[in-house]
Structures are given as C-alpha cells and as structure tokens.
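So that the names make sense, note that chain A is the first sequence line, chain B the second, and so on, each numbered from 1.
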Protein chains: 2
Amino acid sequence: MPQTGRSGCPINLTLEQLGDRWSLIVIRDVMFGNRRTYGDLLAQSEEGIASNILADRLKRLTASGLLTRRADPSHRQKGIYSLTEASIQLVPLLAQMGAWGRRHTRPSKELSVRAELLEKGGAPLWNAFMDELRHLHLNARQPTRSVFRELQAAYEKALARR
Amino acid sequence: MPQTGRSGCPINLTLEQLGDRWSLIVIRDVMFGNRRTYGDLLAQSEEGIASNILADRLKRLTASGLLTRRADPSHRQKGIYSLTEASIQLVPLLAQMGAWGRRHTRPSKELSVRAELLEKGGAPLWNAFMDELRHLHLNARQPTRSVFRELQAAYEKALARR
DNA sequence: AGTTTGTGCTTGCAGTATGCAAGCGGTCGC
DNA sequence: GCGACCGCTTGCATACTGCAAGCACAAACT
C-alpha cells in the first residue's frame with residue numbers, strides 16, 4: 001500500500017507501512033524462522049504466500065528500509081535478505097501481537113509457544129532477542145544468550161509432545 | 001478480510017482479523033478519541049476514512065466481537081459503539097505500534113504525544129488505561145486515575161505550544 | 001558442449017478491497 | 001410539512017490478492 005501520509009499520527013504512519021495482510025508475516029518469517037531467501041520464504045510459508053505477493057513485499061520492505069538484500073556469493077541469482085535496525089525494533093510489537101492472538105484467537109499450541117515465551121519474558125527477553133538479531137543480521141557482537149535457540153527448542157519440544 | 005485460518009500462528013490469526021489498513025484506526029479512534037458514533041468517527045477522522053469503509057469496518061468489528069453497538073436512547077438512528085474486553089486488550093499492541101512509529105516514521109509532534117506517554121508509562125500505565133476503558137465501555141468500576149484525561153491534556157498542551 | 005534442473009521472479013486473469021462522491025430512506029427539529 | 005441530519009448504500013474506477021503458468025538466467029549433470 002502506498003504511504004499516503006493521511007495523518008501524522010504514529011499509529012497511522014506505521015499502518016501505512018505495515019498495515020496489510022502480508023508485510024508483518026514476511027518480517028516474522030525472516031525474524032523467527034531465519035528464512036533469508038526468496039525460495040525459503042516461499043517454500044516454507046505456513047500461510048502459503050503467493051509468489052507475486054512475496055516478491056512484491058520483499059521489494060517494498062527493502063525500499064522502505066525494513067529489509068536489506070545482498071547477493072549470495074555462492075549463487076548469482078539468490079539474494080540474502082536481512083533485517084535492519086528498524087525491523088528489529090518491531091520485536092515488541094510482534095510480541096504483543098502474538099500475546100493478543102494467543103488470548104483472542106484460536107491458535108495452535110505449537111505455533112503459540114514462541115508467543116507465550118516472549119510474553120512471559122517481557123522487555124528483558126525482547127531486548128536480548130533484539131541484540132541477537134543485531135548479531136545475526138547486522139554483524140553486531142554475538143550475545144552470550146541465544147533467545148533464538150530457546151524459542152526454537154521450545155517449538156520443537158511442543159512438536160515432539162504432539 | 002475474511003478469516004481464512006491459513007495457519008494457527010497467533011500473529012497470523014491476529015493479522016487475519018486486524019491486518020488491514022483501517023480496522024486498528026477505527027479502534028484507535030474509539031479508544032483514544034472516545035468517538036462512539038458513526039457520524040463522529042466519519043466527521044472527525046484524521047485520515048479521512050471513506051463512509052463505506054467505516055460502515056464496513058464497524059460491521060465487521062462488531063461481528064468479530066471487538067466492538068458492540070447499542071441504540072442511542074436519544075436518537076433512534078444512532079448507534080453507540082463500545083469496546084469489548086478483547087479490543088481493550090489491544091492497548092499494549094497499539095502502544096508498541098505508536099512507539100515504533102515515533103521512532104521510524106515522521107509523525108507530527110502533537111499526534112505523537114500520547115504515544116510518547118504510553119511508551120514512557122509502560123505496562124503499569126497501560127493497565128491503568130485498560131481499567132479506565134473497562135469503566136467507560138463496559139460499566140466497570142471507575143478508577144481514581146484518568147489516563148484518558150492525562151493523554152488528552154498532554155495532547156492539548158502540545159497543540160497550544162504550536 | 002548440450003541438456004536438465006533449480007532460481008527468482010513475472011505475467012495473465014478473476015475475484016476482492018479501497019476510495020470518491022452521489023444517493024436513499026428514515027428520524028429529528030422547527 | 002419542510003429542511004436538515006443520520007447512517008448507511010451504491011456506482012464506478014483503481015488497486016490488491018491469489019492461483020497457476022511462464023520466462024530468462026544460473027548451476028548441476030552427462
């Protein structure tokens with residue numbers, strides 16, 4: 001959706017940038033699923049995103065500074081997508097969205113596990129996760145703790161318990 | 001947008017319900033602007049929402065349990081819209097959205113004031129605000145503190161300083 | 001070197017959503 | 001009774017979504 005600047009309210013301006021069905025889903029998959037190529041994002045999409053929508057969103061998110069794309073040294077066609085500081089700072093928003101969704105929609109148990117941990121962990125956990133994302137995506141220093149691994153382990157444990 | 005249940009992820013399910021350009025704007029206006037009728041929402045919309053979109057969203061949000069509508073005793077045509085517990089619990093999400101928007105978009109100063117206060121106040125302030133919204137919309141007991149009034153006063157002060 | 005498979009999109013088309021502005025039927029105020 | 005108000009609804013053009021086939025290029029295989 002084009003950014004029309006219909007008002008200067010920060011909520012409105014955020015929605016003009018991210019208030020569509022798919023942008024936050026793409027960011028979620030890069031962030032939590034560590035899917036960094038077009039092919040990964042398309043093939044592993046839980047929601048079955050269409051190829052034209054994915055291509056369009058990657059282009060838009062890159063143009064608006066929420067993703068960056070660099071060439072994959074091992075394959076001339078592939079791009080590796082990375083989060084930026086701006087998209088990393090969406091962690092608290094996504095955490096709250098997951099928390100609300102756990103309570104007010106009918107999520108699956110396995111896919112809710114990350115949301116539950118993020119809600120329980122609160123801002124300290126979000127900050128630790130953001131530090132780790134800065135390492136993974138922006139070449140910052142590696143933190144000692146891997147929130148990413150904790151979230152993934154909890155997800156796999158929930159899968160195994162099924 | 002129809003709720004298609006493309007995956008059981010709580011983020012996805014939330015976006016299926018609220019991931020459009022306008023639903024959260026309508027909820028924001030009911031919540032922060034205390035606009036409770038169709039005419040108020042339409043006439044006072046900062047973003048200039050179209051009448052058919054407003055009518056559609058009010059109908060949908062009512063159908064999905066995020067708003068309720070009751071007849072206005074003083075006017076047979078008017079409906080009074082109220083938040084539900086589910087929409088009141090969107091306060092943390094909207095607060096995080098406002099916080100992100102303050103940092104990463106170009107908001108106006110005046111319209112950012114509420115977002116700034118909510119970010120500073122954190123969860124204690126959000127909880128106080130939610131209690132007050134329960135009073136205003138759900139007939140719960142009136143809290144001693146009016147976050148609503150504090151937010152409004154700060155907004156008017158910023159307007160006057162302009 | 002030629003062929004096959006993989007890659008990242010692009011395209012065609014139908015259905016749905018948005019946005020502008022006029023219009024409609026009912027209610028209220030004078 | 002008339003005019004203004006009210007809450008939508010409608011007509012129409014444009015934009016978005018979704019499905020599935022297709023395209024140009026790169027890599028792997030023979």
- Message: For Asn52(B), is there any backbone N or O sitting under 3.5 Å from a side-chain donor or acceptor partner on Asp56(B)?
- Response: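 Judged by distance alone, no pair lies under 3.5 Å.
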Does [N] have OP1 or OP2 under 4.0 Å away from a side-chain N or O of [X]?
X	N	answer
Arg69(A)	dC9(C)	yes
Lys59(A)	dT10(C)	yes
Trp22(A)	dC16(D)	no
Arg57(B)	dT18(C)	yes

Taking atom [atom2] of [N] as reference, at what distance in whole Å does atom [atom1] of [X] sit?
X	N	atom1	atom2	result
Asp56(A)	dC9(C)	CG	P	12 Å
Asp72(B)	dC5(D)	CG	C1'	14 Å
Leu42(A)	dC19(D)	CG	P	11 Å
Glu16(B)	dA17(C)	CD	C1'	16 Å
Arg76(A)	dA26(D)	CZ	P	5 Å
Leu41(B)	dG7(D)	CG	P	10 Å
Tyr38(A)	dC25(D)	OH	P	17 Å
Arg60(B)	dA17(C)	CZ	P	6 Å

Under 4.0 Å between a side-chain nitrogen and a carboxylate oxygen: does that hold for [X] and [Y]?
X	Y	result
Arg103(A)	Glu119(A)	yes
Glu132(B)	Arg149(B)	no
Arg28(A)	Glu46(A)	no
Asp131(A)	Arg134(A)	yes

- Task: Please work out which residues in residues 44-55 of chain B have a non-hydrogen atom less than 4.0 Å from an atom of DNA chain D and list them by number.
- Result: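 Within this stretch, Ser51(B), Asn52(B), Ala55(B) sit under 4.0 Å of the strand.
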- Item | 5'-most by nearest nucleotide on DNA chain C - Arg6(A) or Gly39(A) |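 Going by which nucleotide is closer to the 5' end, it is Gly39(A).
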- Query: Considering the options Leu42(A), Ile49(A), Leu41(A), which one meets the side-chain contact (heavy atoms from CB on, under 4.5 Å) requirement together with Ser45(A)?
  - Reply: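 Checked Leu42(A), Ile49(A), Leu41(A) against Ser45(A); only one passes side-chain contact (heavy atoms from CB on, under 4.5 Å): Ile49(A).
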- Item | Nearest-nucleotide 5' precedence on DNA chain D, Gln77(B) against His75(A) | Gln77(B)
- Calculate, to the nearest 0.5 Å, the distance between atoms CH2 and OG1 belonging to Trp100(A) and Thr14(B) respectively. 5.5 Å
